[in-house]
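Beneath this line is the structure, given in structure tokens, with notes to follow.
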2 protein chains.
Amino acid sequence: MAKPKLDRKTLLKNSLSVFKSRGYHGTSVNDLAAASGLLKGSIYHYIESKESLMLEVLNALRDHYVAKVFSKCHDENLTPYERLQELSIRAEEIFTFEETGDFFVNIGLETINSNPSFAKVIQDFFKDWIGSLSDLYRHVLDEQDAIVQAERVVAELEGSVIMMKILGDVNYLKRSSVRVLNEFKELEKNKISKVYNG
Amino acid sequence: MAKPKLDRKTLLKNSLSVFKSRGYHGTSVNDLAAASGLLKGSIYHYIESKESLMLEVLNALRDHYVAKVFSKCHDENLTPYERLQELSIRAEEIFTFEETGDFFVNIGLETINSNPSFAKVIQDFFKDWIGSLSDLYRHVLDEQDAIVQAERVVAELEGSVIMMKILGDVNYLKRSSVRVLNEFKELEKNKISKVYNG
DNA sequence: CAAAATCTACCAACCGTTTGGTAAAATTGA
DNA sequence: TCAATTTTACCAAACGGTTGGTAGATTTTG
């Protein structure tokens, strides 16, 4: 049996990088094949369609985030603040170097009307992110406020990344994550003083 | 038989509505022509190219915002807080009904790598928005803080709109604008107390 | 060898754009 | 005023090129 020269993980990584820079409609199957050193016809040995490839990329990326990033929110070896700090550091790396964090937003906005098949994975990504964050905020807020706060933080971070990309100013995200961390410390203080006073 | 003439404003409005729901790469010249009751070839009587049409749409939209929305920030008949309130109301209408506010973000993200010719108008839109807002915040903050605050508010609103669109939750924006308004009131209070105390 | 992987060649459909042509409307000139 | 002329608005068809996708021959590999 001939062993596959191109393993799935590499194929997905290469495809992600093309989709990232050209969007969904903007990338051709030819581009995707070339990114993995293949001619157009050959890539159909690995994939069923352009659409199914994108779906697989989105799923793999979401799984990666859930397992490697969002899971930090439940790391019992760290204090809640340290967990948020870890998340911030990872987020900053992801958005500025990997440029992968806004991928879900990009593809989401581009395909929400034309390709509803992508919607579920994209929504799941954000629901997981918000869910993990709100578990963290549960340490300093009641359930409803924790959810609202998590939604707000995700919206602010995403907004910052987008403004960063469009205006080319790298300080947006940095300031946002500093703000989020300080806010959390403030919330912790308020909670302690409440415990002492009430 | 009098021929109904297609005026430029209608053409731009029709085109905007197509670009809005299908993106730039996702809409064909056929779509654009059909939206104005023309066949594909006929639209070239009005436009030079698909790209130039999009550019005109973007320019018209930016001009509209500058003249009708952002200008509220300098309305001397209103208090600073009332101006922000006006802006919030308009923003809410724009984002939820006209669905036009995230257009600049959508097209910006979709074309930033492939169509640099759109970048300038899109950036100008956000620079104008941030500029007008920071003039407002100048009433309660020093210059540098006013700019940072304006950038933050725009990022948060944009982030909210995007999450709203992707997750289908209409409460995001409402909560964001309430937060922005309350924050402004808080800043006004702090400024007054500073004046009294120092 | 046979299976797996890749290439070449080729679809039909669509892309943005151009063309040749045609009526109707507006303008002109007497 | 009214016919001649020009301009406008539009269409059907076609352009060269690209799209996502397929079929079959060819190469690589265990």
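Per chain, numbering begins at 1; letters A, B, ... match sequence-line order.
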Length of the line joining [X]:[atom1] and [N]:[atom2], which is rounded to integer Å:
X: I47(B); N: dT17(C); atom1: CD1; atom2: P; result: 7 Å
X: L32(A); N: dG21(D); atom1: CG; atom2: C1'; result: 13 Å
X: N30(A); N: dA9(C); atom1: CG; atom2: P; result: 15 Å
X: Y44(A); N: dC7(C); atom1: OH; atom2: P; result: 15 Å
X: H25(B); N: dG20(D); atom1: NE2; atom2: P; result: 12 Å
X: E48(A); N: dT22(D); atom1: CD; atom2: C1'; result: 14 Å
X: L11(B); N: dA9(D); atom1: CG; atom2: C1'; result: 13 Å
X: L55(A); N: dG20(D); atom1: CG; atom2: P; result: 16 Å

Item checked: Partner residues of Y137(B) under the ring-ring contact (aromatic ring centres under 6.0 Å, His included) criterion, sequence neighbours left out ->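 Checked Y137(B) against ring-ring contact (aromatic ring centres under 6.0 Å, His included); matches are F184(B).
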When you measure from the side chain of [X], which nucleotide among [options] comes out closest?
X: L39(A); options: dT8(C), dT17(C), dG21(D); result: dT8(C)
X: S28(A); options: dG20(D), dA12(D), dG16(C); result: dG20(D)
X: L38(B); options: dA14(D), dT6(C), dC11(D); result: dC11(D)

Using 30° and 60° as the class limits, which term best fits the ring planes of [X] and [Y]: parallel, tilted or perpendicular?
X: F125(A); Y: Y65(A); answer: perpendicular
X: F118(A); Y: Y24(A); answer: perpendicular
X: F95(B); Y: W129(B); answer: tilted

Notebook entry, point to check: Looking for any heavy atom pair under 4.0 Å, which part of the strands does T27(A) touch: base, sugar-phosphate only, or nothing?
Noted result: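 It contacts sugar-phosphate atoms only.
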Note to self: With a sphere of 6.0 Å drawn around NZ of K20(A), does it hold more than 12 non-hydrogen atoms of other residues, nucleotides or ligands?
What the structure shows: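 Count over threshold, so yes.
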Margin query: So, OP1 or OP2 of dT8(D): does either fall under 4.0 Å of a side-chain N or O from Y46(B)?
Written below: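 Answer is no, no contact under 4.0 Å.
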Next item on the list: Between S42(A) and H45(B), just flag the one whose closest nucleotide in DNA chain D comes earlier from the 5' side.
Entry: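 Result of the comparison: H45(B).
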Next item on the list: Classify the side chain of K40(A) and the base of dG21(D) as holding, or not holding, a donor-acceptor pair under 3.5 Å.
Entry: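 Answer is yes: a donor-acceptor pair is held.
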